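Note that this is a predicted model, so its numbers are computed, not measured.
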Amino acid sequence: SGIQIIDTEKRIEINDAPRDGTDAVLFHGTIDLVGMMYGETIILDFKTTGLWPPILALAFDVKAKSASKFSMEVMQLMTSFQLRHYCWMYWRDTGEWPSFVGIVAPTNKTIYKRTTKYAKAGECKGPALFMTQMPAFLLETYEADLVSLIKGIVVGGFFRRMPETYGKSD
């Protein structure tokens, strides 16, 4: 049980043509953590969202808000452009499609200082791990979407509306 760490800060560069034969494009990214869970590959991304105000307050000796709670739904994880891209790059680099993806939110392990109508003082702000399965059959749709985006950029099209399937770039 638990997650076995395989690699951290895994930098991947893909410099080959997508499967439809278009010209080669350089893709790169750094995956925060690659691990194994129940014999399956997992990709985790660490989010520092909500931690910066208190850290900057300490560094500059100013008052700031406390760390804010982070939350994410399963559908948001499955359609996250960043997590999809990391899965696609990992698959192109290793030939293996990660079965699980997740977000680690350390800010949720900070505690509430005061009791509110939502929480009691001393309670953690929430779970630190948000995870879901990443179905492999969605890979072809993602890759086709990515190829369309690249083709649009090459011909000078209005690529801001892409990718169509997994969210807009704005």
If you measure from [atom1] on [X] to [atom2] on [Y], what distance do you get to the nearest 0.5 Å?
X	Y	atom1	atom2	result
Ile31	Met89	CD1	CE	6.5 Å
Tyr38	Phe100	OH	CZ	8.0 Å
Ile12	Trp91	CD1	CH2	13.0 Å

Which residues share a ring-ring contact (aromatic ring centres under 6.0 Å, His included) with Phe130, sequence neighbours left out: Phe70

Partner residues of Glu9 under the side-chain hydrogen bond (donor to acceptor under 3.5 Å, both in side chains) criterion, sequence neighbours left out: none

side-chain hydrogen bond (donor to acceptor under 3.5 Å, both in side chains) involving Thr48 - partner list, sequence neighbours excluded: Trp52

For Asp93, all residues meeting salt bridge (Lys or Arg N to Asp or Glu O under 4.0 Å), sequence neighbours excluded: Lys10

Looking only at heavy atoms, what is the nearest atom pair of [X] and [Y], with distance?
X	Y	answer
Pro98	Cys87	CD-O, 3.9 Å
Arg11	Glu13	NH2-OE2, 3.0 Å
Tyr86	Ile43	O-CD1, 3.9 Å
Met78	Gln133	CG-O, 3.9 Å
Ile42	Val101	CG1-N, 4.5 Å

Of all pairs that satisfy side-chain hydrogen bond (donor to acceptor under 3.5 Å, both in side chains), the ones with a partner from residues 95-120, not counting sequence neighbours: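 As it turns out, the side-chain hydrogen bond (donor to acceptor under 3.5 Å, both in side chains) pairs with a partner in residues 95-120, which skip direct neighbours, are Glu40-Ser99, Thr41-Glu96.
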
For Leu129, side-chain contact (heavy atoms from CB on, under 4.5 Å) partners two or more places apart: Ile3, Leu44, Val104, Met131

Pairs flagged by salt bridge (Lys or Arg N to Asp or Glu O under 4.0 Å) wherever residues 42-56 is involved - sequence neighbours left out: Asp45-Lys47

Pairs touching residues 122-136 that satisfy salt bridge (Lys or Arg N to Asp or Glu O under 4.0 Å), sequence neighbours left out: none

Ile5, CD1 atom: more than 12 neighbouring heavy atoms under 6.0 Å: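 At most 12 heavy atoms, drawn from other residues, nucleotides or ligands, come within 6.0 Å of this atom.
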
Leu83/Ile103 under side chain to side chain contact (heavy atoms under 4.5 Å, CB included): CA gap, chis, key distance, verdict: CA-CA 9 Å; Leu83 292 174; Ile103 298 286; 4.0 Å; yes

